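One structure below.
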Amino acid sequence: MRNMLFGLLLALQFLTRIPVPVACPWTPETRRWAVRAYPLIGLLIGSVLALVAVAMQNVPVPITALALLSLWVALSGGLHLDGVVDIADALGSNQPLARRWEIMKDPQIGSFGILALLFLLAWKGVLLWALLTYQAPLWWLLIVPALGRWGGVALLVLTPCAQQKGLAWSWQQSLSGKDVALALLPLAVIALLAPSLVVMMLMVMVFVVLMRWLMLRLFNGINGDMVGATIEGGELWLLILLWSWWPFVTVSPLGI
């Protein structure tokens, strides 16, 4: 129980900017529990977003969408956006593999990274705007951050690291497929109440398989940046799917 609690706090410290003034031990057991708690942290972030959306119901939709996007980025500290920027700069350089890895380690942001960041945030903001305009039930704000973080866990555990060093490799030494399954457990429980959530889970799995294939092909493995990019990309993927749903139906896909 003690390791479980430390793992939850470790995940909260790592994935958010919420102050947690506790020194959590960095052990294989706490790392395992931290990874299992990733979707729970996503549910927490989603809950905050949903509460803010409810509180801003009488505010113009574009302002609400921008406020939600700003809060979404602020809660995570932009941690995962850094991975998107680094990968975009590396791939945009059109350089050999060794040089791409050097570019990813460069703290400077290039033009491709800036473009990727701008387009990612623009698409997220517009999709938030559209979903709010459709008056879609706000459960999606809970599910999207949670499933996005589960996608990051799946990529981290199931894809070999390109180099035997770095934070991703350190985490990976303690993890197995069991941790991927346990991380999905909270969402599986929710799916018992809303079976159509299984469709969203399957769509995230498809996205993770695609990311895994691309990262192995383009980089011969993963690092922490690619885990972060998978979280951001998975969230965007789910928002696109949700947006494509509501214009053509009159009920929630989860039956809510």
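Please read these numbers as outputs of a predicted model, since none were measured by experiment. Each residue takes its place number in the sequence, starting with 1.
- Taking CD1 of Ile240 as the reference point, atom CD of Glu235 lies at 12.0 Å (rounded to 0.5 Å).
- Using a 4.5 Å heavy-atom threshold, the side chains of Leu49 and Leu71 count as touching.
- In this structure, the side chain of Ser76 engages the main chain of Val73 through a donor-acceptor pair within 3.5 Å.
- Within the model, atoms CG of Leu131 and CG of Leu141 stand 8.0 Å from one another, a figure rounded to the nearest 0.5 Å.
- Considering all non-hydrogen atoms of both residues, Leu238 and Gly148 come closest at CD1-N, 4.4 Å.
- Between the side chain of Gln173 and the backbone N or O of Trp169 there is at least one donor-acceptor pair closer than 3.5 Å.
- Here the closest heavy-atom approach between residue Trp72 and residue Val144 is recorded as CH2-CG1, 3.8 Å.
- The closest side-chain heavy-atom distance from Val153 to Arg149 is not below 4.5 Å.
- Counting only residues at least two apart or in different chains, ring pair (Phe, Tyr, Trp, His ring centres under 6.0 Å) contacts with residues 80-108 comprise Trp101-Phe219.
- When all heavy atoms of Leu187 and Pro39 are compared, the pair lying nearest together is CD1-CB, 4.2 Å.
- For the pair Leu132/Leu68, a side-chain contact is recorded, criterion being any heavy-atom separation below 4.5 Å from C-beta on.
- Contact annotation: the side chain of Gln13 never approaches that of Pro21 to less than 4.5 Å [non-hydrogen atoms, C-beta and beyond].
- No side-chain heavy atom of Phe112 sits less than 4.5 Å from a side-chain heavy atom of Leu91.
- When every heavy atom of Met215 is checked against every heavy atom of Ile87, the shortest pair comes out as SD-CD1, 4.4 Å.
- Here the closest heavy-atom approach between residue Asp89 and residue Gly110 is recorded as OD2-N, 2.8 Å.
- By the 4.5 Å heavy-atom criterion applied to side chains, Arg2 and Leu5 are not counted as neighbours.
- Judged by distance alone, with hydrogens and angles left aside, the side-chain atoms of Trp150 form a donor-acceptor pair with the main-chain N or O of Val180 at under 3.5 Å.
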Val209 and Val206: CA distance, side-chain angles, deciding distance, side chain to side chain contact (heavy atoms under 4.5 Å, CB included) verdict = CA-CA 5 Å; Val209 169; Val206 169; 5.8 Å; no
ask   = Could you walk me through whether Val54 and Leu138 pass the side chain to side chain contact (heavy atoms under 4.5 Å, CB included) check?
value = CA-CA 8 Å; Val54 170; Leu138 292 177; 3.5 Å; yes
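- With a 4.5 Å cut-off on side-chain heavy atoms, Glu232 and Lys124 count as touching.
- Heavy atoms of other residues, nucleotides or ligands lying less than 6.0 angstrom from CD of Gln163 number more than 12.
- In this structure, Asp179 contributes its side chain and Ser176 its backbone to a donor-acceptor pair below 3.5 Å.
- Between the side chain of Arg100 and the backbone N or O of Leu218 there is at least one donor-acceptor pair closer than 3.5 Å.
- In this structure a side-chain-to-backbone donor-acceptor pair under 3.5 Å is missing from Thr230 to Gly151.
- At a threshold of 4.0 Å, the pair Arg32-Glu29 counts as salt-bridged, since one of the basic side-chain nitrogens sits closer than that to a carboxylate oxygen.
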query = Taking it one step at a time, do Leu44 and Leu75 satisfy side chain to side chain contact (heavy atoms under 4.5 Å, CB included)?
reply = CA-CA 10 Å; Leu44 174 63; Leu75 284 172; over 6 Å; no
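- Within 6.0 Å of CH2 in Trp26 there are more than 12 heavy atoms belonging to other residues, nucleotides or ligands.
- In this pair, Trp171 and Phe14 present their aromatic rings tilted. The plane angle is within the 30 to 60° band.
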message = For a side chain to side chain contact (heavy atoms under 4.5 Å, CB included) check, start with the C-alpha distance between Leu158 and Val208, then their side-chain angles and the critical distance, and finish with the verdict.
response = CA-CA 10 Å; Leu158 302 177; Val208 172; 5.8 Å; no
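- Remark: the backbone N or O of Met226 is paired with a side-chain donor or acceptor of Asn223 at under 3.5 angstrom.
- Checking side-chain atoms of Gln172 against main-chain N and O of Thr159 turns up a donor-acceptor pair under 3.5 Å.
- Between Leu40 and Leu43 there is a side-chain heavy-atom pair separated by less than 4.5 Å.
- Across every non-hydrogen atom of Ala191 and Met201, the tightest pair is CB-CE, 3.9 Å.
- Put simply, CH2 on Trp123 and CH2 on Trp243 are 7.0 Å apart, with the number rounded to the nearest 0.5 Å.
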